[in-house]
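For reference, the structure discussed in these notes is given below.
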Amino acid sequence: MANFEKKLLALDGKGYGGYKSLVGAYSFPLYKLVIDHIQADPFAPPSTMHLLIDRKKAGIPAELLDSKNKQIAVADFLQRNFSKQADKNRLNNRGTGHSGELRIDSCGQEIIERTAIVISAQQIEVRFEVGLPAAGRRIKARDANKIFKDLLPRIVQKSLLYANIDQQLLKQQVKLFREQQEIREQMKKRHLVAFVANGSLLPRASGSSDLPLTTGTPFRSPSSLEVTFELENGKKVSGMGISQGITLIVGGGYHGKSTLLQALDFGVYDHIKGDGREFVLTDRTAMKVRAEDGRSVANVNITPFINHIPGRRDTSTFSTVNASGSTSQAANVIEALESGTKTLLIDEDTSATNFMIRDARMQRLVASDKEPITPFVDKIKALYNQLGISTILVTGGSGDYFEMADHVIMMNEYQPGDVTKRAHEIADMEGSERSAADEQKFGTLDERIPKKSNFRIISRKDRFKVRNKKEITFGHSNIDLSALEQLTDTSQTRGIVALIQILKAEYFDDQTTFAEMTEKLYADIQQQGLDRVLSSKRHAGNLALPRRQELCAAVNRYRGLRVIKKETR
């Protein structure tokens with residue numbers, strides 16, 4: 001540490017580039033500090049660093065770290081702690097640009113595997129950023145020294161050492177995370193695709209906030225749909241279980257239909273204590289599907305929904321750079337299935353009407369041989385019966401799905417009721433029948449192989465750049481992720497880019513299908529951990545694990561995508 005301080009203070013008043021001489025590793029009493037990259041100037045993104053602290057020095061009990069799930073929960077807790085302490089221990093005398101900033105990647109309400117803090121068998125690695133202080137473009141070495149000599153050691157002491165943190169809160173987070181995983185395993189055994197615990201707070205504080213609306217109405221399951229999970233620790237959790245099959249969520253406007261669906265959207269993730277959705281749990285593969293006018297589509301077989309388009313365009317290998325609402329939603333469903341989705345989440349408010357329904361009167365007016373679209377209502381049963389794909393659908397404008405539904409849940413002032421029996425009675429009434437397609441057959445699902453030439457780098461400009469949570473650029477191409485409603489933060493988007501680069505480097509071979517390569521990639525991540533798989537991104541501390549569904553969706557939205565259909569033998 002003394003050598004580092006001497007070296008740093010010698011730079012005082014020199015040009016900003018002098019900071020680059022600090023790149024390297026330095027021993028401090030409690031940890032080893034490694035400076036990985038120095039920013040070009042005070043206005044550039046802050047310098048990246050990481051520190052290594054021995055697990056014995058941190059003192060976190062071994063029983064809190066003896067499984068991958070526990071390590072994810074502990075790392076999340078420590079990351080939030082480090083961020084809070086960094087906010088409390090700021091440099092008062094700020095300088096130019098990002099001078100004096102010390103920050104770690106932020107966390108939302110979800111617990112997701114991240115790369116900011118990585119726990120191994122021997123040590124804890126913490127990756128963070130520091131805006132090295134400057135006056136203009138001159139080094140302020142004394143201020144920088146205060147960061148490394150005083151502030152950073154204090155942050156580490158208060159956020160990483162078990163003796164100094166809130167031990168009960170840490171244990172509660174690990175306990176909660178384990179309970180969430182245990183319920184998920186029991187859900188599979190009971191053939192449930194979703195669960196909403198009694199007492200959950202589903203509404204959010206505002207449209208721009210992910211925090212709970214504390215004055216909201218606590219959720220209460222209808223008795224006919226209530227299930228109870230008995231956990232290993234003796235705890236019992238009761239709430240509404242949604243079984244595999246077809247479930248409708250109905251009700252009047254502003255009574256909570258979309259609020260319930262949105263909670264189920266994000267139930268693919270586990271949430272921290274106090275979120276209100278701690279025990280709102282959805283099949284992890286569940287994908288929210290919507291219409292997406294204007295998106296590009298590359299060689300997707302949409303014949304289960306759309307065929308004989310005027311002009312004789314081949315919909316078995318459908319491609320376009322400007323999809324309509326119906327063709328985009330058809331492609332989104334097929335691509336979701338390709339990515340391993342077993343549950344579809346759909347809200348009629350964000351769907352193409354002609355994709356979702358064609359009522360009896362319209363069927364009588366427009367003959368089926370004149371209509372290229374087979375609506376979702378005529379395929380929803382086949383999706384489940386033939387492929388085992390469940391659907392949870394919010395609908396308030398059409399009753400044609402009643403006869404298809406296994407369960408119908410009516411929301412009334414944010415409280416659910418089971419109206420399945422009444423919905424089936426209405427469906428059986430004379431005159432309510434509609435002409436339907438062959439409900440026993442869904443259609444062909446082709447396997448696609450991405451071309452090795454995808455994402456080809458020709459010049460230095462052909463690089464990935466994450467602009468925000470919903471936008472990636474590659475060279476002059478824009479990858480629009482705005483329709484991926486379950487993408488939860490920008491760190492996941494950066495994770496998508498990192499994994500695309502892994503796919504490009506290691507999996508694109510003109511032989512391996514999307515499904516095969518992503519299944520293998522995520523199996524490796526599950527076994528080895530995200531950080532190990534991303535070894536080429538060593539010490540990148542701002543990445544979070546995206547789901548397989550969002551990774552595939554991002555690749556599919558690349559306008560330069562080239563794919564070929566796998567030949568069947």
Side-chain angles (χ1 to χ4, degrees), residues 110 112-115 265-266 268-269 282-290 292 295-298 300 331-345 447-452 454-455 464-474 477-509 512-537 540 542-563:
E110 301 80 14
I112 305 173
E113 185 173 357
R114 299 175 182 272
T115 60
D265 290 347
F266 289 97
V268 298
Y269 304 109
T282 310
D283 166 22
R284 287 202 187 277
T285 74
M287 186 71 173
K288 178 73 172 290
V289 174
R290 58 174 295 165
E292 195 175 348
R295 67 153 290 196
S296 62
V297 178
V300 178
N332 287 344
V333 170
I334 300 300
E335 290 169 355
L337 304 187
E338 183 181 41
S339 71
T341 292
K342 291 298 182 182
T343 305
L344 296 173
L345 306 172
E447 295 183 278
R448 295 182 304 152
I449 299 171
K451 296 288 289 181
K452 194 173 183 179
N454 282 310
F455 304 106
F464 286 100
K465 183 175 182 180
V466 176
R467 295 191 175 276
N468 51 59
K469 181 173 71 173
K470 298 293 188 179
E471 186 179 9
I472 299 170
T473 58
F474 177 73
S477 297
N478 180 60
I479 303 176
D480 183 4
L481 308 181
S482 57
L484 305 185
E485 298 180 26
Q486 292 161 285
L487 198 61
T488 189
D489 66 35
T490 306
S491 299
Q492 281 186 307
T493 308
R494 288 190 287 263
I496 286 173
V497 166
L499 292 180
I500 287 177
Q501 292 171 320
I502 296 290
L503 290 176
K504 166 68 178 174
E506 301 179 18
Y507 292 86
F508 284 11
D509 58 7
T512 307
T513 67
F514 270 125
E516 291 168 341
M517 67 175 61
T518 55
E519 185 175 4
K520 173 65 166 60
L521 175 62
Y522 277 80
D524 289 343
I525 292 172
Q526 176 63 30
Q527 184 176 10
Q528 303 173 30
L530 177 63
D531 190 62
R532 184 75 63 84
V533 170
L534 294 176
S535 57
S536 61
K537 295 282 183 181
N542 60 353
L543 307 178
L545 180 63
R547 296 191 308 150
R548 182 182 175 192
Q549 283 66 33
E550 278 74 36
L551 173 62
C552 291
V555 174
N556 281 316
R557 281 157 182 73
Y558 171 49
R559 291 186 176 273
L561 182 64
R562 299 291 180 267
V563 298

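The residues of the chain are indexed from 1 along the displayed sequence.
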Under 3.5 Å, side chain of Arg532 to main-chain N/O of Ile525, donor-acceptor pair present?
no
Minimal heavy-atom distance between Val268 and Ala286, with the atoms involved, is CG1-O, 3.8 Å
Residues Ala331 and Val300: closest non-hydrogen pair is CA-CG1, 4.3 Å
For Glu519, does the CD atom sit with more than 12 other heavy atoms under 6.0 Å from it, leaving out its own atoms?
no
State the CG-SG distance between Leu337 and Cys552, to the nearest 0.5 angstrom.
11.5 Å
Please round to the nearest 0.5 Å and tell me the distance separating atom CD of Glu110 and atom CZ of Phe266.
7.0 Å
Is Lys504 reaching over with its side chain to a backbone N or O of Lys452, donor-acceptor style, under 3.5 angstrom?
yes
Arg295 vs Asn556, side-chain hydrogen bond (donor to acceptor under 3.5 Å, both in side chains): CA-CA, chis, key distance, verdict
CA-CA 9 Å; Arg295 67 153 290 196; Asn556 281 316; 5.3 Å; no
Please check: side-chain N/O of Thr513 versus main-chain N/O of Arg448, any donor-acceptor pairing under 3.5 Å?
no
Does any donor atom in the side chain of Arg548 or Ser339 lie under 3.5 Å from an acceptor atom in the other side chain?
no
Testing Lys520, Gln526, Gln527 for side-chain hydrogen bond (donor to acceptor under 3.5 Å, both in side chains) with Asp524, which one passes?
Lys520
Should Leu551 and Leu521 count as side-chain neighbours, where that means a heavy-atom distance under 4.5 Å?
yes
For Thr512, give me all partners under side chain to side chain contact (heavy atoms under 4.5 Å, CB included), at least two apart in sequence or on another chain.
Asp509, Glu516, Met517
Contact between Ile496 and Ile472 at the side-chain level, heavy atoms closer than 4.5 Å - yes or no?
yes
Give a yes or no answer on whether the side chain of Lys469 reaches the backbone of Ser491 with a donor-acceptor pair at less than 3.5 Å.
no
Which of these, Glu550, Glu292, Glu471, sits in a salt bridge (charged side-chain N to carboxylate O under 4.0 Å, His left out) with Arg557?
Glu292
To the nearest 0.5 Å, how far apart are NZ in Lys288 and CG in Leu484?
11.5 Å
Backbone of Arg562 reached by a side-chain donor or acceptor of Asn454 within 3.5 Å
yes
Just say parallel, tilted or perpendicular for the rings of Phe464 and Phe455, cut-offs at 30° and 60°.
tilted
CG/Leu344 to CE/Met287 distance, rounded to the nearest 0.5 angstrom?
9.5 Å
Within the side chain of Gln492, is there an N or O that forms a donor-acceptor pair under 3.5 Å with the backbone of Leu545?
yes
Partners passing ring-ring contact (aromatic ring centres under 6.0 Å, His included) against Tyr507 (at least two apart in sequence or in another chain)
none
Sidechain-backbone polar pair: Gln486 side chain, Asp265 backbone, donor-acceptor under 3.5 Å:
yes
Would you say Leu561 and Ser296 make side-chain contact, with heavy atoms under 4.5 Å?
no
Spatial distance of atom CG (Leu487) from atom OG1 (Thr493) [nearest 0.5 Å]:
4.0 Å
Might you work through the side chain to side chain contact (heavy atoms under 4.5 Å, CB included) test for Leu543 and Asp531, ending with a clear yes or no?
CA-CA 9 Å; Leu543 307 178; Asp531 190 62; over 6 Å; no
If only side-chain N and O atoms count, and only distance matters, is there a donor-acceptor pair under 3.5 Å linking Asn478 with Arg467?
no
Pairwise side-chain contact, Leu345 with Val289, heavy-atom cut-off 4.5 Å (strictly under)
no
Does Leu534 form a side chain to side chain contact (heavy atoms under 4.5 Å, CB included) with Leu499? I'd like the steps, not just the answer.
CA-CA 8 Å; Leu534 294 176; Leu499 292 180; 3.8 Å; yes
Closest non-hydrogen atoms of Gln549 and Gly340, given as atom of the first, atom of the second and distance, are NE2-C, 3.8 Å
Start with the C-alpha distance between Arg559 and Asp480, add both sets of side-chain angles, then the distance that settles salt bridge (Lys or Arg N to Asp or Glu O under 4.0 Å), and finish with yes or no.
CA-CA 10 Å; Arg559 291 186 176 273; Asp480 183 4; over 6 Å; no
For the side chain of Thr518 and the backbone of Phe514, is there at least one donor-acceptor N/O pair under 3.5 Å apart?
yes
Start with the C-alpha gap between Arg547 and Tyr269, add the side-chain angles, then the distance that decides, and say whether side chain to side chain contact (heavy atoms under 4.5 Å, CB included) holds.
CA-CA 10 Å; Arg547 296 191 308 150; Tyr269 304 109; 4.2 Å; yes
Please list, chain by chain and in numerical order, all residues satisfying ring-ring contact (aromatic ring centres under 6.0 Å, His included) with Tyr522, sequence neighbours excluded.
none
When you measure from the side chain of Thr341 to the backbone of Thr285, do you find a donor-acceptor pair of N or O atoms at a distance under 3.5 Å?
yes
Measure the spacing between NZ of Lys470 and CD1 of Ile479 and express it to the nearest 0.5 Å.
14.0 Å
